[in-house]
Amino acid sequence: MFRCTHLFGSKRRVTFALPLDGPRGPVSVVGSFNDWTPGVHELLPRRDGTRTVTVILPPGTHHFRYLAADGHWFDEADAQRVDGDSAITIES
């Protein structure tokens, strides 16, 4: 799941989160906002057992997927789909 929070100007803080039963090992959110580079935005464990990472995004449509250990790609169930990828649109 993810949630958006309004920041200054037109930017948004987007927090990506995985539940307790998410894949084992490291998981990164990779997408058009980080040149699809694994490890740049790795989800880190929180006290409640979930894993999260926060990214600041400008207006536009941003494609993304999650990448887990052993090259396992998966999509965000709550996201819109654009060209086969999960996507989030930030309105200005």
Side-chain angles (χ1 to χ4, degrees):
M1 102 180 122
F2 62 90
R3 69 175 179 273
C4 292
T5 306
H6 183 79
L7 290 176
F8 52 92
S10 58
K11 293 189 178 187
R12 302 290 186 273
R13 175 185 298 133
V14 180
T15 301
F16 297 90
L18 290 177
L20 295 169
D21 62 349
R24 290 185 166 180
V27 177
S28 296
V29 60
V30 294
S32 55
F33 48 85
N34 62 15
D35 294 324
W36 298 92
T37 306
V40 173
H41 294 106
E42 186 174 333
L43 286 88
L44 300 174
R46 302 294 174 215
R47 288 184 189 184
D48 65 1
T50 62
R51 289 183 281 175
T52 66
V53 67
T54 299
V55 180
I56 307 301
L57 296 177
T61 299
H62 304 278
H63 296 243
F64 70 93
R65 296 188 77 197
Y66 295 106
L67 178 60
D70 299 323
H72 173 69
W73 290 90
F74 61 103
D75 293 306
E76 171 63 56
D78 297 331
Q80 66 184 6
R81 296 284 184 265
V82 176
D83 296 330
D85 295 324
S86 300
I88 183 171
T89 300
I90 305 296
E91 302 292 330
S92 55

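In what follows, every heavy atom counts, from backbone to side chain, and hydrogens, waters and symmetry copies are set aside. These numbers come from a predicted model, not from an experiment.
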Going by the rule side-chain contact (heavy atoms from CB on, under 4.5 Å), which residues pair with Ala87 if we only count those two or more places apart in sequence or in a different chain?
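Here the qualifying residues are Thr61, Gln80, Val82.
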Residues in side-chain contact (heavy atoms from CB on, under 4.5 Å) with Pro58, at least two apart?
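Testing Pro58 for side-chain contact (heavy atoms from CB on, under 4.5 Å), a comparison that skips the adjacent residues, returns His62.
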Tell me the closest heavy-atom pair linking Val14 and Leu57, and the distance in Å.
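Distance-wise, the nearest heavy atoms are CG2-CD1, 3.8 Å.
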Do you know which two heavy atoms are closest between Cys4 and Ile90, and how far apart they sit?
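For Cys4 and Ile90, the tightest heavy-atom pair comes out as SG-CD1, 4.2 Å.
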To the nearest 0.5 Å, what is the distance between [atom1] on [X] and [atom2] on [Y]?
X	Y	atom1	atom2	value
Leu18	Met1	CG	CE	9.0 Å
Thr52	His41	OG1	NE2	12.5 Å
Ile88	Phe33	CD1	CZ	8.5 Å

Whether [X] side chain and [Y] backbone form a donor-acceptor pair below 3.5 Å:
X	Y	result
Arg12	Ser10	yes
Thr15	Arg3	no
Ser86	Glu76	yes
Glu42	Ser28	no

Does the pair Val27 and Phe74 meet the rule for a side chain to side chain contact (heavy atoms under 4.5 Å, CB included), with working shown?
CA-CA 10 Å; Val27 177; Phe74 61 103; 4.0 Å; yes
For the residue pair Thr50 / Asp48, report whether a side-chain donor-acceptor contact shorter than 3.5 Å exists.
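Yes, side-chain donor-acceptor contact under 3.5 Å.
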With a cut-off of 6.0 Å (strictly less than), are more than 12 heavy atoms of other residues, nucleotides or ligands near CZ of Arg46?
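Result for CZ/Arg46: enclosed.
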Should we count CZ of Arg13 as having more than 12 external heavy atoms under 6.0 Å?
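Open: at most 12 neighbouring heavy atoms sit under 6.0 Å from CZ of Arg13.
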With heavy-atom distances below 4.5 Å as the criterion, would you say the side chains of Leu67 and Trp36 are in contact?
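No, side chains not in contact.
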Anything under 30° is parallel, anything over 60° is perpendicular, the rest tilted; go ahead and classify Phe64 against Tyr66.
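The rings of Phe64 and Tyr66 stand perpendicular, inter-plane angle above 60°.
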Common cluster, Phe2/Val55, ILVMFWY with side-chain heavy-atom separation under 4.5 Å:
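Yes, because Phe2 and Val55 connect within a single hydrophobic cluster, where side-chain heavy atoms sit under 4.5 Å apart.
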Partners of Arg65 by salt bridge (charged side-chain N to carboxylate O under 4.0 Å, His left out), sequence neighbours excluded?
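Applying salt bridge (charged side-chain N to carboxylate O under 4.0 Å, His left out) to Arg65 gives Asp75.
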